[in-house]
Each structure stands twice: as C-alpha cells, then as structure tokens.
Protein chains: 2
Amino acid sequence: MRSTTDAERRGWTQNPEAVQQDILTVALAEFAENGFSGARVDTIASRTQTSKRMIYYYFGDKLGLYTRALEAAYLRVRQGETQLELDHLAPQEALARLVAFTFDHHRANPDFIRMVMIENIHKARHLAESQVIRDLNEAAIDKLTEICRRGQDAGVFREGLDPAALHWQISAASFFNVSNRPTFSAIFGNALFEDDGQEAIRRQTVDAILAIACKPGVRDPENE
Amino acid sequence: MRSTTDAERRGWTQNPEAVQQDILTVALAEFAENGFSGARVDTIASRTQTSKRMIYYYFGDKLGLYTRALEAAYLRVRQGETQLELDHLAPQEALARLVAFTFDHHRANPDFIRMVMIENIHKARHLAESQVIRDLNEAAIDKLTEICRRGQDAGVFREGLDPAALHWQISAASFFNVSNRPTFSAIFGNALFEDDGQEAIRRQTVDAILAIACKPGVRDPENE
DNA sequence: GCCAAAATGTACCACGCGGTTCATTCCTTT
DNA sequence: AAAGGAATGAACCGCGTGGTACATTTTGGC
C-alpha cells in the first residue's frame, strides 16, 4: 500500500507541509484582518492545529510569517487570473471583459486586497523585498498589453495608449471598490455596494475604460 | 493691555489649547505613519513639547487620541475643499475642474489619505462613531450634485446620472493614486508618479469621468 | 534495530507599552 | 490673599506579547 502521494501519505502525527500550510492560512486571515502590528501571534497559534512553537520553527519570527502570508495571498490571486482567455475576442470586447473580470475578481478576494492595503500603509517595504512577488507581477499586465496592441493594429484604439496607465485605471476602480467600501458606505450609505449598485458601477467603469481606450468615433454598438 | 485674544494671550507656561493642538498634530502624523496599533504613545509624547501625562489628561486613552486625530484630518482636508468655486462655469467645465481639483487635493494631503486607509482596515469603526465626521461629510457631494443637475438641465449630461456613483469614480481614481502608490510603483515602476505621468493620468481621469457624465454626442471641444 | 536529524509539546521569560499615582505648580475667582 | 480647581511633571506599574530553552517524540537512513 503506497497508492497516495508523498503529501497525502502522512496522515499521522508528523506532517510538515500541512502544518506550514495550516499556519499560513490562519496567518493570512489574521494579518488581513488586523494588520501587521495588530495581528497577534498567539491568536494565530490558537487558531492553528499546531502551536506557537511551530510558527517560530518554520517562519523564524513574526515578520517572516507575515512575508510568507503576503506571498501566499499574491499566489492565490494571480492563480485565479490565469483562467481568463481573451485572445478570441475583438479588442474592445476583450478589454471590456478584462475590466469586468478584474472588478469581480478583486471583489471576490477581499483578504488579498486588505493585504495590499496593509502593504501600502507600510510603504510596500516587504513587498519590495520579496522576489517571489516581483516575479509574479512580471506578467501582470501582459494580457492588457496584448489587447492594446491588437486594438491599435485594428485601428479602434487610440495611438499612444499606455498599457500601464490603463492598468492603473482598471486597478483604481477595482481596488477602491473593495478597499474603501467601509468608509464610503459609512458616509454615503450602502446602496452602491448592494447588487444593483455594484452592477451599475461595474458597467460605468467598463464604459469609462473603453472611452479612454477607443478612438473618438469608435464605440461598441452591442451594449448588453 | 488686553488687545490679544484669549488663545494668543497665554504665551507663558500654561496653555491648554496649544498643548492639545501640539499633541494632535504629532499624533496625526504618527497614526498616519504607523496605523493605530503601530503607533506608540510614548513616541507621540516624546515628539511633543509636553508629556505623556497630558495626552491621557486631555484625550483619555489611545483610542480617544486616535479619534480626535482622525477628526482633525477630516477637518483640515474639508476646509481646503471649500475654496473651490464652480458656479460660474459651464457644467462640463465645472465637472472637469472638480475632478482635476480632487485629484490634486488628495495628492496634496497624503496624511489624510493614510488615515482613511487605516480606517478602512478597521472597517471604518471609529469613523462611523464620530458625529463630527458624519456632519462634515453631509455636504461632501453637494457641489457634484449641483453640477449634475445643471448639466442635465442644459441637456449635456445623461439622464439617470447618479451623483453618488460619479463621486465614487472621482474618489476611486484620486484616492488610489495616493493610497496605492507604494505597491504600484514597486511593481510597475515609478514613471506614472512623476510629474509627466501624473499629468497624463489626471487628464485621462478627467476624460473618463466626462465620458461617463456626458451624452454620447456631447464632448468638450476645447481640450486645454 | 539504532542513531541522528527533523519535528513537536510545555513551560517560561524579558520587556515594550498603554495606562496610572501622587505630588506640584499655575491661574482664576472672590 | 487665600482658596481651589485646572494644568503639569516624574516616576512607576501590570501585563500582553513576541520570542526562547529544554525536553521529547517521530522518522528516515543504514
């Protein structure tokens, strides 16, 4: 009997990979919830099936754990992005799809958003030092760059369109929608964050991005 | 001799208002820099011309100090917004001006932005409880609402335009531009945050917002 | 089966940090 | 001018929290 893989095999007492994964999952949730200094190592430990001892055994110190949790957040989210296939669509349609997808994807990953918020509070100190994350983000705007090129070749997108600036716009809307929901809804009410409001905002955002990208005359006729 | 006001008169040893103001200024900077749990009361005290004792004397505890600092941040920023006069401009021009102004104003007040980021991390718990801030924000989108009404009356803005949703768009761009600069520039480089890049983004943002607001045919001809 | 290394449990510690106690000085009121 | 409250100073304290020492068990290699 040895039909299972290495990782699954050890279902008994000792299981390093599972323990680390367990810790990372709990840590990510705790850091995302409370920030770096707000998070308590003891709390993380208690919500784990292992002990505080093991946290320090595997991750060295609180900062080491935080860094790994941050990387885990990026990994999970970037993985979800790879599913999107846009090559078969016309440039405008592809761009619209990408914007809508990004909007929804951010919304579906609040913990990731919160980790990035926290990193920004820390001036991106840890993110900048993580080679893992830098590698991950290499290809972050590749899809968009490709769409831009195709749109320009087809003559429907403006010349001099900057993929990075466009990505900035897409990110701004998608990120803000999650990151600032608490203050925004506390001040202006929750309507925009319920289903109807979110749909309206997403449509508005798609329209705005298309307006930026498309040549003055061109605009998609079939508005679903 | 009693020509000076009450506040100015006491230039001597005892001076409650000045002490509180001193503490608040330092606290705002410290909280904006390090977040609530990251901030150290001792550090705040040491950067003050008074002592830790006085912090607790006037503000009760760390949370009380934080709340007051948050309110101070809102006060300062909202004050800067009142200067803007838009009534004499055509609706499109007024909207363009408002967007550009908001963009610049956020950029000029990073501490305020950071306090709002921190509040969002805390799910806006303290902001929601502050009557001061709720009052301040009452009139936050009045200007925009007025512009929308005028634009619709003049027939240049779309019907069914939602001022709140429009404000959302303006805020998203202006806020994200400051809040996410660290991570964004760490990943994609700093070009967009230097003078040229910022000008391009601001123009792009103004265009996008106008595209949302204006009827399909209408667009401002004089693009400065 | 035995040994060394990896993995884990238990108990503990040092100290940073939010908060306080007690005493003293300032300044207004009558 | 005396009183009494407001304002301030200096030293102190408890404990939450990040981190560790030491002992013990598990596991893979030979």
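These numbers were taken from a predicted model, which means no experiment stands behind them. Residue numbers begin at 1 in each chain, while the letters A, B, ... track the order of the sequences.
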| query | Taking only residues two or more places apart in sequence, or in another chain, which ones meet A:Glu194 in a salt bridge (charged side-chain N to carboxylate O under 4.0 Å, His left out)? | reply | none

Taking atom [atom2] of [N] as reference, at what distance in whole Å does atom [atom1] of [X] sit?
| X | N | atom1 | atom2 | answer |
| --- | --- | --- | --- | --- |
| A:Ile55 | C:dA7 | CD1 | C1' | 15 Å |
| B:Ile44 | C:dG19 | CD1 | P | 11 Å |
| B:Gln49 | D:dA7 | CD | P | 18 Å |
| B:Phe59 | C:dT20 | CZ | P | 16 Å |
| A:Glu17 | C:dA6 | CD | P | 14 Å |
| A:Met54 | C:dT10 | CE | P | 13 Å |
| B:Tyr56 | C:dC17 | OH | P | 12 Å |

| field | Qualifying ring pair (Phe, Tyr, Trp, His ring centres under 6.0 Å) pairs, either residue in residues 38-62 of chain A, two or more places apart | value | none

| query | Considering only heavy atoms from C-beta outward, does the side chain of B:His167 approach that of B:Thr145 to under 4.5 Å? | reply | no

| query | So do B:Leu144 and B:Ile170 actually touch side chain to side chain, heavy atoms under 4.5 Å? | reply | yes

| request: Mind checking side chain to side chain contact (heavy atoms under 4.5 Å, CB included) for A:Arg134 and listing every partner two or more places apart, or none if nothing turns up? | output: A:Gln131

| Looking at residues at least two apart in the chain, or sitting in another chain, which of them share a side chain to side chain contact (heavy atoms under 4.5 Å, CB included) with A:Ala164? | A:Asp162, B:Leu192

| request: With a 4.0 Å heavy-atom cut-off, tell me which residues in residues 20-28 of chain B come close to DNA chain C, sorted by residue number. | output: none

| field | Side chains of B:Glu119 and A:Thr183, donor plus acceptor under 3.5 Å | value | no

Distances under 3.5 Å between protein N/O atoms and the N/O atoms of nucleotides 10-17 of chain D, please, pair by pair.
unit_1, atom_1, unit_2, atom_2, d
D:dT17, OP1, A:Arg40, NH1, 2.6

| message | Can you confirm if the aromatic rings of B:Phe31 and B:Tyr66 lie within a centre distance of less than 6.0 Å? | response | yes

| request: Under 4.0 Å between any heavy atoms, over every strand shown, what does A:Tyr58 touch: base, sugar-phosphate, or nothing? Just pick one. | output: sugar-phosphate

| Applying the side chain to side chain donor-acceptor pair (under 3.5 Å) test to A:Asn177, which of A:Gln198, A:Arg107, A:His106 qualifies? | A:Gln198

| Quick one: is D:dT8 close enough that its OP1 or OP2 comes under 4.0 Å of any side-chain N or O from B:Thr50? | no

